[in-house]
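The structure under discussion appears below in the form of structure tokens.
When a ligand or atom number is given, it counts from 1 through the structure's own listing order. Note that these values count all heavy atoms, side chains included, but never hydrogens, waters or copies made by symmetry.
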Amino acid sequence: MTSPASGADSSDYAPIPRSAFGPALNEQGYYVGRVERNLYWVTDGVYQSAFLTTRDGVVVFDAPPSIGDNLRRAVDEIAAANGVTNRVTHFVYSHHHADHGGAASLFSGDVVRVGHEETRRLLLRDNDPARPVPDVTFADRYTLEVGGERAELAWHGPNHTPDNIYIHFPGHDTLMFIDVVNAGWVLIYNLNLSEDVIGYMGAPAIALSYPWTHFICGHLGRLATHDDVAVHQQYIADIEASAREALTSIDPVPFYVAAGENLWAGVKAHLDAVTDRAAAPVIAKYTGVLAAADIGEFTRTTTFQIMQSLRLDHGVTVSRQAQP
Ligand SMILES: [Zn+2]
């Protein structure tokens, strides 16, 4: 299982539910579809982007480099079909990560770039010519109005990253919120590589506080639904409950005794045992429900992060009370 060839063998894993897939990609390797009215989404099957056509110009939201030039093609295709301008006048960053914004520089010239003030700070730090810093920034809320259309941008605290924002389209019954919920699929490592565990865990409830029918979550091949958010929330709640149970019922002392003078070996053995005990029932429950849930390392690393947050943020202590 160490070579890429054997690791990528799909026969090693449970079948992917058909409901986890979206529409077929075209010959160029992308799909562009209407979300509602003049709001469109684009996917390459793994990443998602969106754009709004207006009478005054096109507003693009995120530019994953994996979609790259196909984003420009998708805008041109839709603009031509609807007889509206294909001139991109505005670009919005959901957050600073290169895998969602690394093709931002494709839209240059007099494009107005909009992002959270922390996105600007992080992009100045990262100094990546592919991700030009936003010209327009905001702290809590910003209403972007272009050609009679509106997007409400809001920051509700750190989650996946310190700067990840909620993008609501009140006239399109849609929320765009990236890298927290994966439509139909399990999270990848460490809560989708997230930085703030508590902020991440609370974010879906904030997403649900907005009115929407369509949810652009940034990943995989289809849009997300309220059901996807509910399954995600239950998955996280199950991990939290399981981690709490394992943390408070496994006695650490025998692990330290066995490790002798190597204290860190004792830490590893104890935390590995807690993580494995907490993750196993969650992996079993969600295999067949969330695509790729049987790739145990994804749930195990997420469980480890949540278990550490229970210890460090919530002050849940290991306990010997369950022991004789
Ligand atoms: Zn990200």
Side-chain angles (χ1 to χ4, degrees), residues 41-51 60-68 71 91-107 113-134 137-138 151 153-168 175-204 206-207 215-224 228-229 232-233 235-236 290-292 295 297-299 301-302 304-306 309:
W41 68 294
V42 186
T43 185
D44 60 3
V46 181
Y47 280 88
Q48 300 175 355
S49 169
F51 63 89
V60 173
F61 300 84
D62 277 356
S66 66
I67 301 176
L71 187 50
F91 178 83
V92 176
Y93 283 104
S94 67
H95 65 305
H96 73 288
H97 277 170
D99 61 332
H100 291 271
S105 61
L106 289 178
F107 305 100
R113 298 185 185 89
V114 183
H116 189 257
E117 61 187 18
E118 187 69 1
T119 302
R120 180 180 167 87
R121 190 187 71 79
L122 291 165
L123 289 178
L124 285 168
R125 176 198 70 179
D126 295 346
N127 191 26
D128 176 4
R131 287 172 288 159
V133 300
T137 62
F138 65 98
L153 317 183
W155 182 82
H156 297 294
N159 47 74
H160 166 66
T161 54
D163 61 329
N164 199 28
I165 60 168
Y166 299 73
I167 302 168
H168 188 228
L175 183 73
M176 181 170 181
F177 181 53
I178 304 301
D179 277 349
V180 171
V181 175
N182 291 344
W185 291 69
V186 78
L187 309 178
I188 64 159
Y189 305 94
N190 301 309
L191 301 116
N192 261 353
L193 311 175
S194 291
E195 297 180 40
D196 188 301
V197 175
I198 291 181
Y200 177 93
M201 291 171 75
I206 297 172
F215 185 38
I216 302 166
C217 69
H219 277 289
L220 288 315
R222 64 167 173 78
L223 297 177
D228 290 317
V229 178
H232 169 94
Q233 285 183 301
Y235 170 79
I236 293 293
L290 286 171
I295 302 180
E297 202 56 16
F298 291 162
T299 295
T301 56
T302 289
F304 181 85
Q305 294 285 95
I306 290 176
S309 175

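Taking the Zn ion (ligand 1) as the apex, the angle formed with NE2 of His160 and NE2 of His95 is 110°, to the nearest 10 degrees.
Ring geometry for Phe177 versus Tyr166: interplanar angle under 30°, hence parallel rather than tilted (30 to 60°). Ring-plane geometry between Phe107 and Phe91 is classed as parallel, the angle between the planes falling under 30 degrees on a 0 to 90 degree scale with a further cut at 60.
Across every non-hydrogen atom of Ile216 and Ala50, the tightest pair is CD1-CB, 3.9 Å.
In this structure, a donor-acceptor pair under 3.5 Å is absent between the side chains of Asn192 and Asp179.
Checking Asp179 against the Zn ion (ligand 1), an N/O/S atom falls under the 2.8 Å cut-off. Backbone or side-chain N, O or S atoms of His97 reach the Zn ion (ligand 1) at under 2.8 Å.
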